[in-house]
Student: 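Just dropping this structure here.
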Amino acid sequence: MIKCMASEIGKHVVNKCLDKGIHINTQKLQKLLCLIQVDCIRHKKKIVFKEPIHIWDCGVVIEEVDEDFRSNLVEFKEKENPYILLLEREEESIDRIIRMYGELNSFELNELPDIQKIIRLAIRSASSKYPYVTYPILIGAFM
């Protein structure tokens with residue numbers, strides 16, 4: 001059973017980066033996933049995952065992805081085994097984001113205008129330790 005769609009999409013991102021010789025770790029993966037989410041909303045009017053994006057000191061974070069890939073904090077060395085196939089629109093967004101931003105590190109990715117906009121959109125609630133952004137907020141801001 002698939003618990004986290006962002007992690008499943010992330011497995012494809014990791015594999016594509018490894019195929020291209022692009023360094024990737026858990027923090028960088030999360031930033032790329034946020035950019036992929038925005039790209040898919042902009043170009044296809046669809047989301048790729050429903051998990052909220054949290055704002056931590058290190059920037060944008062998808063908690064479920066952080067938990068699922070915690071052992072790769074420094075670097076992914078081996079390909080991941082995804083349990084889903086990508087839709088054409090997802091594949092296009094992933095390829096576009098890796099082409100545009102794959103060589104950047106997580107600190108550089110955090111400074112990109114779209115990531116900064118996500119951070120500014122964050123809301124706080126009594127039930128969450130960190131500010132977060134939900135996919136409906138992203139749809140409203142980037143569609």
Side-chain angles (χ1 to χ4, degrees), residues 1-70 72-73 75-76 78-143:
M1 182 174 161
I2 296 170
K3 295 181 185 177
C4 175
M5 186 58 84
S7 290
E8 287 303 312
I9 299 292
K11 291 175 183 179
H12 287 280
V13 174
V14 167
N15 293 347
K16 286 175 177 280
C17 285
L18 291 176
D19 285 344
K20 296 177 184 300
I22 296 172
H23 175 269
I24 186 152
N25 60 22
T26 305
Q27 275 196 12
K28 182 175 177 178
L29 172 61
Q30 293 175 88
K31 279 94 176 118
L32 291 173
L33 284 168
C34 292
L35 293 167
I36 291 163
Q37 179 82 305
V38 168
D39 187 81
C40 226
I41 291 169
R42 261 195 195 121
H43 291 99
K44 303 298 179 182
K45 312 293 186 232
K46 301 281 184 186
I47 60 169
V48 289
F49 58 86
K50 291 185 177 182
E51 290 79 17
I53 298 169
H54 293 263
I55 312 305
W56 292 1
D57 291 340
C58 63
V60 292
V61 172
I62 304 161
E63 285 185 346
E64 296 85 350
V65 173
D66 194 65
E67 291 170 15
D68 289 346
F69 298 113
R70 190 161 284 152
N72 300 293
L73 287 174
E75 179 180 24
F76 283 90
E78 297 179 7
K79 286 189 162 190
E80 296 293 319
N81 185 22
Y83 295 109
I84 63 164
L85 295 174
L86 295 174
L87 298 172
E88 186 176 318
R89 70 173 184 259
E90 295 165 342
E91 189 103 38
E92 289 170 359
S93 286
I94 291 169
D95 290 342
R96 183 174 22 258
I97 294 302
I98 290 174
R99 188 174 52 254
M100 292 171 63
Y101 305 117
E103 295 298 332
L104 301 180
N105 64 40
S106 59
F107 301 107
E108 294 166 326
L109 291 169
N110 264 335
E111 297 304 317
L112 293 173
D114 284 343
I115 297 289
Q116 289 299 306
K117 184 172 182 176
I118 292 170
I119 292 169
R120 287 191 305 276
L121 292 168
I123 58 174
R124 291 189 179 273
S125 75
S127 63
S128 180
K129 183 177 178 182
Y130 299 99
Y132 62 93
V133 180
T134 61
Y135 73 88
I137 293 171
L138 293 176
I139 290 170
F142 290 103
M143 192 175 279

Student: Taking the side chain as C-beta and beyond, is there a heavy-atom pair between H12 and E90 under 4.5 Å?
Tutor: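 Answer no - side chains too far apart.
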Student: Is it true that a side-chain atom of H54 and a backbone atom of S128 form a donor plus acceptor pair closer than 3.5 Å?
Tutor: no
Student: In sequence, state the C-alpha distance, the side-chain angles, and the governing distance for F69 and Q30, and then conclude on side chain to side chain contact (heavy atoms under 4.5 Å, CB included).
Tutor: CA-CA 10 Å; F69 298 113; Q30 293 175 88; over 6 Å; no
Student: Using modelled atom types and a 3.5 Å cut-off, is there a donor and acceptor pairing between side-chain atoms of N15 and backbone atoms of E80?
Tutor: yes
Student: Any side-chain heavy-atom pair from L32 and I24 closer than 4.5 angstrom?
Tutor: yes
Student: Less than 4.0 Å between a side-chain N and a carboxylate O, is that true for E8 and K11?
Tutor: yes
Student: Does any non-hydrogen side-chain atom of R96 lie less than 4.5 Å from one of R99?
Tutor: yes
Student: Taking E103 for its side chain and I22 for its backbone only, find out whether a donor-acceptor pair lies under 3.5 Å.
Tutor: no
Student: Can you name the nearest heavy-atom pair linking N110 to C58, along with the distance?
Tutor: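 The answer is ND2-O, 2.6 Å.
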Student: Treating K16 as the side-chain partner and D95 as the backbone partner, does any N or O pair qualify as donor plus acceptor under 3.5 Å?
Tutor: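 Checked: no pair found.
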Student: Ignoring hydrogens and geometry, is there a side-chain-to-backbone donor-acceptor pair from K28 to L104 under 3.5 Å?
Tutor: yes
Student: With distance as the sole test, does K20 use its side chain to make a donor-acceptor pair with the main-chain N or O of I98 at under 3.5 Å?
Tutor: no
Student: Just by modelled atom types, is the S106 backbone N or O under 3.5 Å from a matching donor or acceptor in the Q27 side chain?
Tutor: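 No, Q27 side chain to S106 backbone: no donor-acceptor pair under 3.5 Å.
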Student: How close do F49 and I62 get, heavy atom to heavy atom, and via which atoms?
Tutor: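 Shortest heavy-atom separation between F49 and I62 comes out as CZ-CD1, 3.7 Å.
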Student: With a 4.5 Å limit on heavy-atom distance, are the side chains of D39 and F142 in contact?
Tutor: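 The answer is no, as the side chains (C-beta and beyond) never meet within the 4.5 Å cut-off.
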Student: With rounding to the nearest 0.5 angstrom, report the CG to CG distance, L109 to D114.
Tutor: 11.5 Å
